[in-house]
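Whatever order the structure lists them in is the order used to number ligands and atoms, beginning at 1.
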Amino acid sequence: MVDHPDSILIVDFGSQVTQLIARRVREAGVYSEIAPFTSAEAAFARMKPKGVILSGGPASVVDEGSPRIPQAILDAGLPMLGICYGQQALTAQLGGTVEKGNSGEFGKAFVEVSDSCGLFNGLWAEGDTHQVWMSHGDKVIELAPGFRAVASSPGAPYAIIADDARRIYAMQFHPEVVHTPDGGKLIANFARHVVGLTGDWTMAEFRQTKIQEIRAQVGKGRVICGLSGGVDSAVAAVLIHEAIGEQLTCVFVDHGLMRSGEADQVVSLFRGHYNIPLVHVDASTLFLSGLAGVTDPEAKRKFIGKTFIDVFEAEAKKIGGAEFLAQGTLYPDVIESVSFTGGPSVTIKSHHNVGGLPERMDMKLVEPLRELFKDEVRDLGRELGLPDVFVGRHPFPGPGLAIRIPGEVTRERCDILRKADAIYLEEIRNAGLYDAIWQAFAVLLPVRTVGVMGDGRTYDSVLALRAVTSTDGMTAEVFGFPGDFLPRVATRIVNEVKGVNRVTYDYTSKPPGTIEWE
Ligand SMILES: Nc1ncnc2c1ncn2[C@@H]1O[C@H](COP(=O)(O)OP(=O)(O)OP(=O)(O)O)[C@@H](O)[C@H]1O
Ligand SMILES: O=c1[nH]c(=O)c2[nH+]cn([C@@H]3O[C@H](COP(=O)(O)O)[C@@H](O)[C@H]3O)c2[nH]1
Ligand SMILES: NC(=O)CC[C@H](N)C(=O)O
Ligand SMILES: [Mg+2]
């Protein structure tokens with residue numbers, strides 16, 4: 001770990017959105033680290049932060065044995081910001097009262113500002129009304145000594161509370177989510193004006209921090225990096241190469257589930273730009289034969305995750321052994337795959353590189369991007385000088401076409417999907433829409449319908465097209481194509497791709513849908 005003289009410690013009580021707090025702090029140009037409440041005291045002693053943020057969490061402070069703020073942190077006299085559970089814990093531990101709710105408030109709410117305080121610093125003023133996002137059952141009913149209410153909502157009389165003398169602020173709502181439009185600014189105000197940090201921490205520093213961490217973790221060991229051609233692994237590879245140079249070998253696995261022409265493209269693009277050793281493995285038979293008869297989405301993902309590791313281990317042997325496996329794992333891969341810090345988060349899908357990993361692995365993981373969101377990785381990519389062909393690419397999931405073919409995956413169905421997907425993406429590029437879309441792809445459905453072509457009857461598969469906008473893949477909106485774009489693509493696909501006789505468009509946002517179909 002690297003010492004940062006100006007940092008904020010985020011104590012995690014298990015909220016689904018704790019990483020978003022870190023992200024807002026980073027956006028304010030301040031270095032932060034998250035520590036679960038169980039090890040927060042040690043992190044506090046090591047980091048010597050200038051301020052502390054307390055996250056939300058699923059527990060109820062009223063319950064016996066529920067998480068507490070470590071006493072050493074409370075006694076340190078530093079500025080603190082409590083969010084939801086954090087507010088409740090502060091109140092309970094400093095002498096106020098929290099009541100267990102039986103109904104709660106979930107979703108959008110409006111708070112009215114009743115007084116000024118150090119946290120607002122010109123941002124919010126008395127009499128203002130602001131939209132916020134609530135998600136709580138319990139609430140503060142009596143303030144701890146020294147606090148006063150500075151904003152309230154119909155459901156939360158103590159929506160924001162302040163103790164300017166001790167520089168402690170707390171709120172019932174979640175400022176870190178986008179549904180609290182001014183939330184990022186409130187967190188920035190805390191970091192800069194209340195804590196008094198200058199906000200000069202940048203991606204350039206993140207790069208330096210990570211380089212030192214990678215060196216410390218890897219030592220003289222050898223590292224294999226799974227390289228997919230996607231932005232995450234390209235950024236991870238270039239960063240790791242900067243840290244340890246020749247100790248790194250990249251491995252691109254062609255699992256037979258790539259898009260049209262992608263394997264060759266990735267390899268030549270990477271070799272064209274970087275002088276980093278890259279092994280190209282054709283493992284398509286291994287993957288496709290193992291997928292035969294597998295139809296359950298999680299079973300597909302777990303098989304692919306495990307087989308990736310088998311291939312990486314075999315390649316490691318060939319270069320004389322490697323102690324470490326590097327991957328471009330991002331935060332959304334982690335939060336959707338596993339329950340984080342013992343929190344309430346459920347497994348949505350096992351991303352092949354996290355929840356799909358086998359239980360026993362010989363290599364240790366190096367994942368320098370694990371706290372970042374996609375758009376931050378792109379920023380880091382630009383910082384590292386990666387060309388736009390890498391930085392601007394749409395994400396493509398590690399399990400590839402396998403999770404875009406609900407039902408059994410066969411070579412034949414992969415070929416059909418590849419052709420249709422290539423037409424769709426070609427039309428998107430020609431229409432100049434590629435950069436306006438976050439991710440676009442086709443899904444080959446296990447449904448056959450009747451059609452008529454050239455006076456003959458067809459009985460073929462249905463294809464679904466999907467295109468979404470997003471900033472980080474955690475939520476997504478459907479992309480609205482202009483005018484006749486979709487009918488034109490549908491006609492081309494049905495005419496040119498044998499095996500598809502009907503095309504539909506997916507109008508589901510995330511949530512409630514996910515971006516991929518499996
Ligand atoms: N075909 C592949 N060969 C080797 N490694 C892979 C392959 N596909 C995925 N990986 C590994 O799994 C990680 C996660 O995949 P993921 O698709 O999330 O990231 P990415 O491909 O690097 O970027 P993007 O999300 O933009 O597609 C990658 O960063 C990479 O380390
Ligand atoms: O590397 C990956 N391994 C996976 O197993 C995986 N599953 C989904 N994705 C990508 O993650 C983003 C969010 O997708 P979902 O809304 O479908 O979860 C989207 O960009 C998806 O393409 C994956 N990436
Ligand atoms: N989002 C939260 O932090 C919730 C806190 C607490 N579990 C409540 O329901 O009030
Ligand atoms: Mg990918």
Ligand 3 atoms in contact with Gly56 (distance to a heavy atom under 4.0 Å): 3 (O)
In ligand 3, which numbered atoms sit nearer than 4.0 Å to a non-hydrogen atom of Gly137? 8 (C), 9 (O), 10 (O)
To atom 24 (P) of ligand 1, the nearest of Lys374, Arg378, Arg393 on a heavy-atom basis is Lys374
Compare Cys225, Ala237, Ser228, Ala236 and give the one whose heavy atom is closest to atom 21 (O) of ligand 1. Ser228
Nearest protein heavy-atom contact for [atom]: which residue, which atom, what distance?
| atom | result |
| --- | --- |
| atom 18 (O) of ligand 1 | Asp232 OD2, 3.6 Å |
| atom 2 (C) of ligand 3 | Cys84 SG, 2.8 Å |
| atom 7 (N) of ligand 3 | Ala59 O, 2.6 Å |

Counting both backbone and side chain atoms, is some N or O of His174 under 3.5 Å from an N or O of ligand 3? yes
Please determine whether any non-hydrogen atom of [X] lies less than 4.0 Å from an atom of ligand 3.
| X | result |
| --- | --- |
| Ser135 | yes |
| Lys139 | no |
| Gly57 | yes |

Sort by chain and number the protein N/O/S atoms found under 2.8 Å from the Mg ion (ligand 4). Phe396 O
Could you work out, with side-chain hydrogen bond (donor to acceptor under 3.5 Å, both in side chains) as the rule, every residue matching Arg404, not counting sequence neighbours? Glu516
Applying salt bridge (charged side-chain N to carboxylate O under 4.0 Å, His left out) between Arg207 and each of Glu383, Glu213, Glu376, report the one that passes. Glu383
